[in-house]
Protein chains: 2
Amino acid sequence: MGAEISERKKKILQIVVDEYIETATPVSSKAITQKHLTEVSSATVRSELAALEDQGYLIQFHTSGGRIPSPKAYRLYIDELMERSELSSAETEFIRSSFERRAASAESIVRSVADVISELTDYTSVALSGQSEETIGNIGLFPCGDSRALLLIVTDLRIFKDSFIALPEGMRDEEVEKMSRTLQNIFVGKRMDRAREAEEEAMQALAAYRQICREVLDAIFAYTDRREVVLSGGSKSLLHPEYDDVGKIRTFLSLVEDEEEIGKLLSDGTSVKIGVKIGSDGGVPEDCSIVTASYSVDGRQIGTYGVLGPVRMDYAKVVSVLESVGDVLEKVIKNSNGGK
Amino acid sequence: MGAEISERKKKILQIVVDEYIETATPVSSKAITQKHLTEVSSATVRSELAALEDQGYLIQFHTSGGRIPSPKAYRLYIDELMERSELSSAETEFIRSSFERRAASAESIVRSVADVISELTDYTSVALSGQSEETIGNIGLFPCGDSRALLLIVTDLRIFKDSFIALPEGMRDEEVEKMSRTLQNIFVGKRMDRAREAEEEAMQALAAYRQICREVLDAIFAYTDRREVVLSGGSKSLLHPEYDDVGKIRTFLSLVEDEEEIGKLLSDGTSVKIGVKIGSDGGVPEDCSIVTASYSVDGRQIGTYGVLGPVRMDYAKVVSVLESVGDVLEKVIKNSNGGK
DNA sequence: GTTGGCACTCTTTCCTTTCAAGTGCCAAAA
DNA sequence: TTTTGGCACTTGAAAGGAAAGAGTGCCAAC
């Protein structure tokens with residue numbers, strides 16, 4: 001734990017991690033002195049490396065194979081060592097334009113966030129919406145002919161949800177409309193996650209439609225708990241050299257296709273702004289890392305997004321992208337609401 | 001072309017294909033006589049195999065490596081040789097219940113078709129909706145508070161729900177509702193692909209809302225051309241032994257993630273009921289096969305669905321599943337419309 | 001036309017050798 | 001006390017080669 005670690009060790013550790021992230025091959029003492037730390041000899045570095053290995057920061061597979069960072073080293077790297085890279089202006093522009101283009105047609109901004117992150121980082125990205133504290137902007141039933149109606153809820157973040165409700169035989173469109181209006185009176189302006197508090201009130205107001213009242217309310221409350229997982233670039237991570245063998249690829253893909261599992265992984269660390277899980281901590285599978293960020297607008301948390309990839313991930317890049325995306329996202333949403 | 005092929009050759013070819021599909025290894029003369037054709041000697045079979053190879057039905061990689069079917073052989077197999085397997089009653093039950101469960105909550109039946117096919121065949125499945133002759137069940141604008149409304153179209157097969165329309169400053173909800181009603185009068189019951197025919201009529205009826213009329217109509221027509229590609233079990237095909245090498249996996253996955261390309265592949269063979277593309281014909285990548293089926297209800301084509309996998313695919317199983325899914329689908333849709 | 005027999009070809013597997021990379025350690029230098 | 005050059009040692013990866021196994025092609029006999 002409290003083992004001291006000298007400045008020079010930190011410097012060396014940083015070089016090792018940087019180098020390993022870039023080359024994906026174990027780093028040797030020679031490589032360090034040749035490329036980065038020319039003022040000392042390789043023998044010196046070697047003894048430092050041996051010490052770092054003793055302290056659990058480095059791992060050596062074979063006696064002649066250089067060393068790679070341990071999860072512990074990655075953690076230190078992320079917390080202290082790495083140099084965040086600014087995104088290029090082309091990249092920030094790309095983020096902005098992606099969101100704006102979507103905002104017009106938007107089914108949900110979640111999709112586009114996932115796409116943008118995956119595009120910029122070259123890793124698989126994951127977005128989770130639904131733990132958000134949105135308020136209900138409109139709610140209504142939309143009749144669809146064959147004894148069904150579509151229940152629609154639009155929130156102030158223009159994320160909306162829908163599901164079908166079976167209507168009682170012979171219910172007329174006018175009645176459905178009336179019911180919609182009642183729902184609007186009750187729920188518009190309420191926070192999504194507090195919709196349940198209006199249950200009693202709604203039951204009474206909708207007494208005339210007892211038959212379907214329950215169904216509608218349950219559907220509304222179901223939205224409350226619903227989390228939507230969106231994934232982008234599922235195979236992008238596979239382009240990285242650690243996935244050089246069929247078994248690893250299959251493991252990774254089966255994780256990627258398991259929405260429920262992904263949802264769990266993402267929703268765990270929602271309290272911190274940027275969280276990183278490495279190796280097999282926090283349920284992340286061996287050899288995988290997940291970097292998550294949770295975004296909020298005006299203090300309301302609107303979603304969690306993340307990047308899923310190998311442990312040897314370009315954390316500096318990923319963190320920069322996640323932060324930029326968060327900033328732009330916040331601006332875009334604020335503008336579109338402010339322009340009301 | 002017209003090269004004759006004896007009954008015994010056909011029998012042998014069938015055995016080769018069956019065996020290869022099952023084992024994924026080249027088939028030898030010995031294996032044939034031991035397992036299936038015990039009445040002749042391996043030498044006899046050998047000469048037949050040599051003849052079949054001359055005619056282009058079989059391929060031999062090394063002189064001591066057995067033989068595998070050529071695309072030409074697969075085609076003959078599919079057309080004449082294969083024995084369709086009936087689905088088990090558990091399987092048909094699975095199809096039926098999947099559709100019914102979905103029909104109640106249905107976002108879109110396309111999703112569930114893709115899931116079912118992938119589940120039953122263990123291959124990646126693809127579903128394409130949109131060249132369909134759906135009819136509009138309801139249409140309307142759903143106000144969302146901040147000078148915007150959601151344009152919603154529900155057809156008998158899916159929901160279009162991702163066009164926001166900017167409303168003119170100061171437009172009241174009542175006006176939006178009125179406009180919705182007008183749209184309903186014009187479009188409900190119309191076929192999606194013929195919505196454009198009502199353009200003139202709509203322009204006149206909506207003259208009062210000139211400002212946004214154009215925008216709404218354009219959004220409607222934009223939906224018209226939209227084809228939705230749904231994919232299920234993207235990595236399922238990878239469980240098969242031909243994908244034993246990283247390059248092949250990447251090729252396959254990059255195809256799978258290219259929605260546009262998939263859409264093209266699927267929409268090509270829409271005229272036939274069941275179509276098969278093998279190897280690299282019709283734009284299918286080398287080493288891939290795609291089996292497609294187009295389904296219709298009451299003569300209206302409602303979609304194209306398919307299976308994407310290695311050339312060595314269990315065609316008998318796949319074709320059986322596609323046919324059964326088609327049958328059940330037709331029944332389910334007819335019932336749900338008939339029960340209106 | 002069919003069969004058994006046998007030589008031939010080609011892949012797969014396993015072993016051995018060699019080569020290069022990188023470390024660990026030590027004694028000398030700073 | 002820290003740093004350094006030198007050198008022996010370990011280990012994996014690459015290259016070569018022998019042996020084994022699978023399957024065919026062909027031929028002469030039935």
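Atoms considered below: every heavy atom in the structure, side chains included; atoms not considered: hydrogens, waters and symmetry mates. Throughout, a chain's letter reflects where its sequence line sits, starting with A, and its residues are numbered from 1.
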Euclidean distance, atom [atom1] of residue [X] to atom [atom2] of [N] [Å, nearest integer]:
X	N	atom1	atom2	result
Phe61(B)	dA22(D)	CZ	C1'	17 Å
His62(B)	dC10(C)	NE2	P	10 Å
Ile68(B)	dT24(D)	CD1	P	13 Å
Leu58(B)	dG25(D)	CG	P	11 Å
Asp244(B)	dT12(C)	CG	P	11 Å
Asp54(B)	dC26(D)	CG	C1'	15 Å
Lys30(A)	dT4(D)	NZ	C1'	17 Å
Arg67(B)	dG23(D)	CZ	P	12 Å

TODO: For dG25(D), take OP1 and OP2 only and decide whether either is under 4.0 Å from a side-chain N or O of Gln60(B).
DONE: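 So the side chain of Gln60(B) is within the cut-off, an N or O lying under 4.0 Å from OP1 or OP2 of dG25(D).
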
Task: Phosphate OP1/OP2 of dT2(D) contacted by Arg8(A) side-chain N/O (<4.0 Å) - done: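 Checking Arg8(A) against dT2(D): no side-chain N or O falls below 4.0 Å of OP1 or OP2.
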
Task: Nearest listed nucleotide, side chain of Ser64(B), among dG22(C), dT9(C), dT4(D) - done: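 Of all the options, the side chain of Ser64(B) is nearest to dT9(C).
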
Does the [X] side chain pair with the main chain of [Y], one donor and one acceptor, at a distance under 3.5 Å?
X	Y	answer
Ser28(B)	Ala31(B)	yes
Thr23(B)	Glu19(B)	yes
Arg67(B)	Val27(B)	no

Task: Over all atoms of both residues, closest heavy-atom pair of Ala127(A) and Leu266(A) - done: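 The pair with the smallest heavy-atom distance is C-CD1, 4.1 Å.
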
Open item on the list: Nearest heavy atom decides the nucleotide; on that basis, is Ala50(A) or Arg46(B) closer to the 5' end of DNA chain C?
Closed with: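 Whichever sits nearer the 5' end wins; that is Arg46(B).
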
Task: Of Thr44(B) and Thr63(B), the one whose closest DNA chain C nucleotide lies more 5' - done: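 Its nucleotide being nearer the 5' end, the pick is Thr44(B).
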
TODO: Could you say whether Ala43(B) or Gly66(B) is positioned toward the 5' end of DNA chain D, judged by the nucleotide with the nearest heavy atom to each?
DONE: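 Checking each residue's closest nucleotide, the 5'-ward one belongs to Gly66(B).
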
Task: Lys236(A) NZ/CZ over Tyr123(A) ring centroid, <6.0 Å and within 45° of normal - done: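 Not satisfied by the 6.0 Å and 45° rule.
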
Open item on the list: Mind checking if Ser29(A) touches a base, just sugar-phosphate, or nothing, with heavy atoms under 4.0 Å?
Closed with: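 Contact class for Ser29(A): sugar-phosphate only.
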
